[in-house]
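A quick write-up on the structure given underneath.
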Amino acid sequence: MSNLTRLTAGDAELTINPEHGGRIESLRIAGTEVLKQGERYGSFPMVPWCGRTENGRFRDGATTHQLPVNAAPHAIHGTVRDRAWTVARTSATEAVLTCELDDPWPYKGRVTQVLELAEDRLTLRFGVEAFDASFPAQAGWHPWFLRNLGHGGEDVTLGFTPEWQEERGEDHLPTGRRIAPLPGPWDDCFGMPDGVDVTLTWPGELELKVTSRAEWVVIYDEPEDAVCVEPQSGPPNGLNTHPRLVTPIDPLEVESVWAWQWL
């Protein structure tokens, strides 16, 4: 049995599994679960890249690195979701977890994850540090929200107004063209230069707003029973197309807030 970490605030309860990728296994609000349950689900961290990296390869200067291909022909969602995290500290409402970056990632570094639970919101933060050599990196979250809360109500609806959609090629990667947002269903990346702002509404039940100063969000709503709203610091394949260099004196820091209210 894994050593789970539980946070509580008011009628909200968060369950984290440090040994299984520092993943959020459960978020219950007044006894209602809002995340899809199961080994691959809940909400997991995407670090040090988000989404697909083309053919598992990225360039850093003159050097090309090969990552393990785990979504053939690409590498997907980083390395830390497959690793055990260390619990640095916890309180009733806050947990701080760390995970080392090393092989198969070609650089040494550390990811710190902070989770703060309040009665009406969850604040999530990532810090990505480089120990010696600088490297390009991304960070983001991959929550699987339930399409239906199971109380006989309606399915969730999504509200957001992106400035553009990244055109998706047959290889599932952005082509580099920005297009007007298309109707769903989606497995697509959108640009929100004023910050991610997506509202999930289970009509007559619950509203949950996902916000972040990050400018990119992937929406994946093809599954029958779940909807993913993924704030991230860069687009898919961003290690190659939008590299954000992490240096020993300039970590990558990303924050997201999930705020909710009953309707």
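- Side-chain polar atoms of Y107 and D60 form a donor-acceptor pair below 3.5 angstrom.
- Distance CG/L7 to OG/S91: 7.0 Å, rounded to 0.5 Å.
- Residues I29 and L206 form a side-chain contact, since some pair of their non-hydrogen atoms from C-beta on lies under 4.5 Å apart.
- Between R178 and E167, none of the side-chain N atoms (NZ, or NE/NH1/NH2) sits under 4.0 Å from a carboxylate O, so this pair counts as no salt bridge.
- Aromatic ring centroids of F44 and W141 lie 6.0 Å or more apart.
- Proximity of P236 to C50: side-chain heavy atoms (C-beta onward) are nowhere separated by under 4.5 Å.
- For S233 (side chain) and A139 (main-chain N/O), a donor-acceptor pair under 3.5 Å exists by modelled atom type.
- Between the side chain of T175 and the main chain of R177, a donor-acceptor pair closer than 3.5 Å is present.
- Screening W216, F160, W164 for a ring-ring contact (aromatic ring centres under 6.0 Å, His included) involving F190 leaves a single residue, F160.
- L35 and L117 end up in the same hydrophobic cluster when Ile, Leu, Val, Met, Phe, Trp and Tyr side chains are linked at under 4.5 Å.
- Of all heavy-atom pairs spanning A71 and I76, the tightest one is CB-CG2, 3.7 Å.
- Between H77 and W49, the closest heavy-atom pair is N-NE1, 3.3 Å.
- What you find for A9 and T93 is that their closest heavy atoms are CB-CG2, 4.1 Å.
- When all heavy atoms of A95 and L97 are compared, the pair lying nearest together is CB-CD1, 3.9 Å.
- Of the possible polar contacts, none joining the W85 side chain to the R81 backbone as a donor-acceptor pair under 3.5 Å is found.
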Let me see the working for R147 and E224 under salt bridge (Lys or Arg N to Asp or Glu O under 4.0 Å), right down to the final yes or no. CA-CA 7 Å; R147 187 177 291 276; E224 289 186 6; over 6 Å; no
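- Using a 4.5 Å heavy-atom threshold, the side chains of V257 and L122 count as separate.
- Counting non-hydrogen atoms of other residues, nucleotides and ligands closer than 6.0 Å to CD1 of I249 gives a total of 12 or fewer.
- At distances below 3.5 Å, at least one donor-acceptor pair connects side-chain atoms of S212 with backbone N or O atoms of A214.
- In this structure, the separation between OG1 on T211 and CG on D194 is 13.0 Å, given to the nearest 0.5 Å.
- Salt bridge absent: D187 and R168 never bring a charged side-chain N and a carboxylate O closer than 4.0 Å.
- A salt bridge is absent between E253 and R125: the closest approach of a Lys/Arg side-chain nitrogen to an acidic carboxylate oxygen does not fall below 4.0 angstrom.
- Taking CG of N148 as the reference point, atom CG of D155 lies at 5.0 Å (rounded to 0.5 Å).
- M46 and V111 are members of different hydrophobic clusters when ILVMFWY side chains are connected at heavy-atom separations under 4.5 Å.
- Interatomic distance, CD of E154 versus CG of L149, reported as 11.5 Å (0.5 Å rounding).
- Between R83 and D102, at least one side-chain N (NZ, or NE/NH1/NH2) sits under 4.0 Å from a carboxylate O, which counts as a salt bridge.
- Between the side chain of E116 and the backbone N or O of L124, no donor-acceptor pair lies under 3.5 Å.
- Distance alone, capped at 3.5 Å, is enough to place a donor-acceptor pair between the N237 side chain and the E54 backbone.
- Grouping the Ile, Leu, Val, Met, Phe, Trp and Tyr side chains by contacts below 4.5 angstrom, directly or via other members, places F126 with W258.
- Counting all heavy atoms, side chain and backbone alike, N240 lies closest to R59 at OD1-N, 3.2 Å.
- Put simply, the side chain of E215 never gets that close to the backbone of R213: no donor and acceptor are under 3.5 Å apart.
- When side chains are defined from C-beta on, N3 does not count as touching P18, because their heavy atoms never get closer than 4.5 Å.
- Side-chain atoms of Q37 come within 3.5 Å of backbone N or O of E25 as a donor-acceptor pair.
- Side-chain contact check for T79 versus P104: some heavy-atom pair is nearer than 4.5 Å.
- Aromatic pair W105/F58: ring centres closer than 6.0 Å.
- In the hydrophobic clustering of this structure, W262 groups with V210; members are Ile, Leu, Val, Met, Phe, Trp, Tyr whose side-chain heavy atoms approach within less than 4.5 Å, directly or through other members.
- Using a 3.5 Å distance cut-off with no hydrogens or angles, the side chains of H74 and T53 do not pair a donor with an acceptor.
- Side-chain atoms of T199 and E207 include no donor-acceptor pair closer than 3.5 Å.
- Shortest non-hydrogen contact noted between Q66 and V69 is NE2-CG2, 4.0 Å.
- Side-chain atoms of Y220 and H142 include no donor-acceptor pair closer than 3.5 Å.
- R244 and D250 are joined by a salt bridge, as a carboxylate oxygen and a charged side-chain nitrogen come within less than 4.0 angstrom of each other.
- With respect to E13 and R28, no salt bridge is recorded, no charged nitrogen being found less than 4.0 Å from a carboxylate O.
- Side-chain N or O atoms of N55 include none that pairs as donor or acceptor with a backbone N or O of R57 at under 3.5 Å.
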Full working for salt bridge (Lys or Arg N to Asp or Glu O under 4.0 Å) between K209 and D197: CA-CA 7 Å; K209 185 183 283 285; D197 190 337; 3.2 Å; yes
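- The distance from atom CD1 of I219 to atom CG of D188, rounded to the nearest 0.5 Å, is 9.5 Å.
- Seen from the ring of Y41, K36 counts as a face-on cation partner, given the 6.0 Å and 45° thresholds.
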